[in-house]
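The structure appears below as structure tokens.
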Amino acid sequence: NMSTSTTSVEEANRFAQACDKNPQLCLTMQRWDEVLKFAQDAGARIVFTLAYIRHTKDESGQNDQQDWDSTNAKQLLQYTARSKYGTT
């Protein structure tokens, strides 16, 4: 679907620009590895939630819609499970 891929590219560009402006708000793989290493070195376990929902308006501008693509969340969990830090 052309509109879906265009939207995904536009959204990715928007997020990339936001990360350039506020890198502390973005979780890169490098930063995630640093967090995992810190937790391992401290003997701690990480518990977090994936409760992010981006709210958008429908075409009329009236109704709040909840859009969330879980792809990145799945990738984060899979990456963590496969990493050297993914042991319990």
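Throughout, numbering of the chain's residues begins at 1 and tracks the sequence.
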Taking only residues two or more places apart in sequence or in another chain, which ones pass side chain to side chain donor-acceptor pair (under 3.5 Å) with N72?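 Partners of N72 by the side chain to side chain donor-acceptor pair (under 3.5 Å) criterion come out as none, since no residue qualifies.
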key: Qualifying residues under side chain to side chain donor-acceptor pair (under 3.5 Å), relative to K37, sequence neighbours excluded   =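 Side chain to side chain donor-acceptor pair (under 3.5 Å) check on K37 returns D41.
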To check you understand the geometry: which heavy-atom pair defines the closest contact between Q40 and K84, and what is its length?
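For Q40 versus K84, the nearest heavy atoms are NE2-O, 4.5 Å.
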Do Y85 and V35 have side-chain heavy atoms sitting under 4.5 Å apart?
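No. Closest side-chain heavy atoms not under 4.5 Å.
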List, one per line, each side-chain donor-acceptor pair under 3.5 Å for residues 25-32, sequence neighbours excluded.
residue : atom : partner : partner atom : Å
T28     : OG1  : R31     : N            : 3.0
Q30     : NE2  : E34     : OE2          : 3.4
R31     : NH1  : E34     : OE1          : 3.1
W32     : NE1  : T80     : OG1          : 2.7

Treating Ile, Leu, Val, Met, Phe, Trp and Tyr as nodes and any side-chain heavy-atom pair under 4.5 angstrom as an edge, say whether I46 and L77 lie in one connected cluster.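 Yes, one cluster joins them.
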- Query: Are L76 and F48 close enough, and set up right, to give a side chain to side chain contact (heavy atoms under 4.5 Å, CB included), and what steps lead you there?
  - Reply: CA-CA 12 Å; L76 175 69; F48 62 95; 4.2 Å; yes
